[in-house]
Amino acid sequence: MIKKAGTETGSEMMPDAEQQTASEIAATKIDADLKQILCDVLGLDVDEVADFDEDTGLFGHLPELDSMAVAGLLTEMEDRLDIIIEDEDVDGEMLETYGGLLGFAQTKVAER
Amino acid sequence: MTSLGISQWTCARGQGGTSKELALQFDGEPEFGDHKLLILPALFDEANKMRRQTMLLMRELSAAGLASALPDLPGMNESLAPLSDQSLSQWRDDAATTADQLGATHVLAIRGGALIAPATLHGWHYAPASGARLLRNMLRSRILAAKEAGRAETTAQLGEMGRNDGIELAGWRFGAEMFGELQHAEPAISDQHTVIEQADLGGAGLWLRAEAGEDIAQAKALAALITNALMPQ
């Protein structure tokens with residue numbers, strides 16, 4: 001019984017580990033896509049956006065990001081990440097930092 | 001070597017009405033014979049973002065020897081006609097009229113220009129966009145601006161308003177007919193047309209930019225695709 005339980009635990013850990021790797025890969029892809037979209041919208045080089053981290057300020061911090069530009073950003077995210085962004089999804093928190101926007105994108109992609 | 005001019009064309013409309021509009025024209029070289037490219041520009045907010053790039057493209061085409069013309073249709077750019085009186089179906093007729101008047105042999109439709117491209121004219125669509133895609137962006141921009149001002153608006157509400165009474169979005173005043181048409185309009189890609197995607201040029205589409213930019217490499221790449229296809233054998 002003990003041995004069996006141990007085996008089960010072992011076999012459960014394997015898919016978990018694999019799943020995490022897969023979701024990590026997916027997260028990296030979303031991060032890269034989102035940075036590319038920001039490059040395209042802000043007219044920045046990839047190098048400049050590569051340094052964006054969780055706390056990098058977006059809306060209210062980058063003067064280029066007015067409401068028209070944010071609209072463009074969200075619409076492009078819909079097209080490239082194959083997600084749908086509802087009116088009520090959009091709030092100050094998700095737009096304030098890069099981390100907020102990335103977290104939002106990851107949640108939306110996971111719901112797909 | 002390249003020369004440009006601004007000419008006037010007369011847009012004839014139903015019931016004898018006419019509208020005088022401007023067209024920007026670049027000359028070509030004799031090696032391209034009578035070939036002349038009609039450019040149907042990106043629409044609305046994307047028109048502003050793409051204007052400089054479209055000019056760069058026309059310069060490149062002219063330098064390679066191909067003449068081009070960029071007309072204002074009524075309600076666009078410098079036109080005195082109000083946008084709110086225009087419809088997509090009317091613009092489709094206008095595009096055919098201006099092609100005739102300006103002596104265009106080919107067409108290049110940019111982004112939303114694809115919605116009104118004459119089916120019978122040979123040519124290209126650059127990154128064609130559906131009407132719904134253009135509207136989605138402008139509706140969202142209005143909703144965000146309203147939210148900042150403390151007003152709640154929704155896509156559904158605005159859609160109903162647009163269809164019934166017309167609506168102002170991102171500074172553009174749409175009549176009900178135009179709004180309704182845009183909701184369902186798809187690029188008019190006929191078998192005379194070739195689609196050029198952004199990936200064919202490299203870089204990112206300049207209509208995405210928060211602030212209008214330009215990209216000479218993209219302009220050269222697009223000009224080369226077109227002039228190579230038309231180059232006399």
Side-chain angles (χ1 to χ4, degrees), chain A residues 29 31-50 52 56-98 100-101 104-105 108, chain B residues 42 44-50 52-53 111-112 127-160 168-172 197-199 201-215 218:
Chain A
K29 168 90 170 75
D31 182 41
D33 284 348
L34 193 55
K35 282 184 172 154
Q36 185 61 53
I37 296 169
L38 279 164
C39 283
D40 298 349
V41 169
L42 298 171
L44 298 174
D45 288 330
V46 182
D47 307 345
E48 296 174 77
V49 175
F52 279 20
T56 304
L58 296 179
F59 194 52
H61 301 268
L62 298 171
E64 302 92 334
L65 274 186
D66 59 10
S67 58
M68 190 72 226
V70 169
L73 174 68
L74 297 177
T75 305
E76 199 59 16
M77 282 170 64
E78 289 187 315
D79 289 357
R80 289 200 217 171
L81 300 175
D82 190 23
I83 58 177
I84 291 171
I85 301 175
E86 309 289 348
D87 298 339
E88 57 271 19
D89 291 336
V90 183
D91 60 32
E93 206 176 321
M94 81 178 253
L95 291 169
E96 200 188 338
T97 61
Y98 181 72
L101 193 61
F104 170 78
K108 276 285 166 185
Chain B
F44 318 126
D45 61 306
E46 292 189 353
N48 296 340
K49 307 264 182 76
M50 294 301 288
R52 281 170 70 98
Q53 187 67 11
R111 295 287 295 164
S130 70
R133 170 67 167 79
L134 301 179
L135 273 186
R136 185 150 50 103
N137 213 25
M138 291 187 286
L139 284 165
R140 181 164 276 147
S141 146
R142 171 163 168 161
I143 292 167
L144 284 165
K147 193 172 259 183
E148 272 186 87
R151 290 192 317 273
E153 291 180 333
T154 67
T155 305
Q157 269 172 8
L158 296 181
E160 200 177 324
E168 186 172 318
L169 298 174
W172 305 88
E197 294 294 355
Q198 183 59 37
L201 307 186
L206 290 158
W207 61 88
L208 296 174
R209 288 276 182 91
E211 288 171 356
E214 59 183 55
D215 186 325
Q218 285 190 29

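Residue numbers start from 1 in every chain, and the chains themselves are labelled A, B, ... in the order their sequence lines are given, proteins ahead of strands.
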Completion exercise
Whatever's closer than 4.5 Å to a heavy atom in chain B on Leu65(A) counts as neither
Exercise for the section: Decide, yes or no, whether a salt bridge links Asp87(A) with Lys147(B) under the criterion of side-chain N to carboxylate O below 4.0 Å. Expected result: no
Exercise for the section: Mark yes when over 12 heavy atoms from residues, nucleotides or ligands other than Glu64(A) sit less than 6.0 Å from its CD; otherwise mark no. Expected result: yes
Fill in the blank from the handout: Rounded to the nearest 0.5 angstrom, the CG-CD1 distance for Leu74(A) and Ile143(B) is 11.0 Å
Problem - Top contributor to chain B interface from Leu73(A), Ile37(A), Asp79(A) [non-hydrogen pairs under 4.5 Å] - result: Asp79(A)
Problem - Salt-bridge contact Glu78(A)-Arg140(B) (side-chain N to carboxylate O under 4.0 Å) - result: yes
Completion exercise
Residues Thr75(A) and Arg133(B): closest non-hydrogen pair is CG2-NH1, 3.2 Å
Fill in the blank from the handout: Ranking Glu148(B), Arg142(B), Met138(B), Arg136(B) by heavy-atom pairs under 4.5 Å to chain A gives rank one to Arg136(B)
Completion exercise
Closest non-hydrogen atoms of Leu144(B) and Ala71(A), given as atom of the first, atom of the second and distance, are CD1-N, 3.6 Å
Practice task
May I ask you to test the Thr154(B)-Glu86(A) pair for a side-chain heavy-atom distance under 4.5 Å?
Solution key: no
Handout entry: Greatest number of heavy atom pairs closer than 4.5 Å to chain B - which of Gly92(A), Ala69(A), Gly43(A)
Key = Gly43(A)
Problem - Side-chain touch Asp45(B)/Met68(A), heavy atoms, less than 4.5 angstrom - result: yes
Exercise for the section: Considering only heavy atoms and a distance below 4.5 Å, find which of Gly72(A), Ser67(A), Cys39(A) pairs most often with chain B. Expected result: Ser67(A)
Exercise for the section: Measure across Arg209(B) and Leu42(A) and return the closest heavy-atom pair with its distance rounded to 0.1 Å. Expected result: CD-C, 4.5 Å
Handout entry: Enclosure of Glu197(B) CD (heavy-atom neighbours >12, cutoff 6.0 Å)
Key = yes
